[in-house]
Amino acid sequence: MNNPAPLPTSPTTAPGRAEIVNWLAGLGERSGELERIDSMELAWLVHQVEQHYALELADEYLDRIKTIDSAVAVIAEALSAAGVLPPSPALAVAPELEPDRGTHA
């Protein structure tokens, strides 16, 4: 078995696609469809998240991880929901887009 891929350098960011692929490479050569994540790979990803972020992923998140892209999105969501990472900027409303609450003359 290969040595595990290095963990991301900053625990303040969610792992991206490249980091997920690197983590999966820690299990050795991948077989089958490269986008799909099998049960062994899912277990490995859970281990990586637990080790790096000290966060246990709930079953509701695990059930949604089927591909590399879904792993990226679901892990980021779980980290934000747990308060490990700040909420995604895509979910925040920019101040200039908030409705004007003042009165106009």
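Small disclaimer: the values here were computed from a predicted structure and weren't measured.
Applying the salt bridge (charged side-chain N to carboxylate O under 4.0 Å, His left out) test to residues at least two apart or on different chains, the pairs with a partner in residues 65-75 are R17-D69.
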Compile the donor-acceptor pairs under 3.5 Å between side chains in residues 54-62 and protein atoms, sequence neighbours left out, one pair per line.
none

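Taking each heavy atom of V49 and I75 in turn, the nearest pair found is CG2-CD1, 3.8 Å. Closest approach of I37 to E41, counting heavy atoms only: CA-OE1, 3.4 Å.
Every residue two or more places apart in sequence or in another chain that forms a salt bridge (Lys or Arg N to Asp or Glu O under 4.0 Å) with R64 is listed here: E77.
Atoms CD and CG, from Q48 and L24 in turn, are 9.0 Å apart once rounded to the nearest 0.5 Å. Note that the CH2 atom of W44 and the CD1 atom of I20 stand 12.5 Å from one another [nearest 0.5 Å]. One finds the CH2 atom of W23 at 6.5 Å from the NE2 atom of H52 (value rounded to the nearest 0.5 Å).
Taking the side chain as every heavy atom from C-beta outward, V46 and I65 never approach each other to under 4.5 Å. Side-chain atoms of P15 and L79, non-hydrogen and from C-beta on, do get closer than 4.5 Å to each other.
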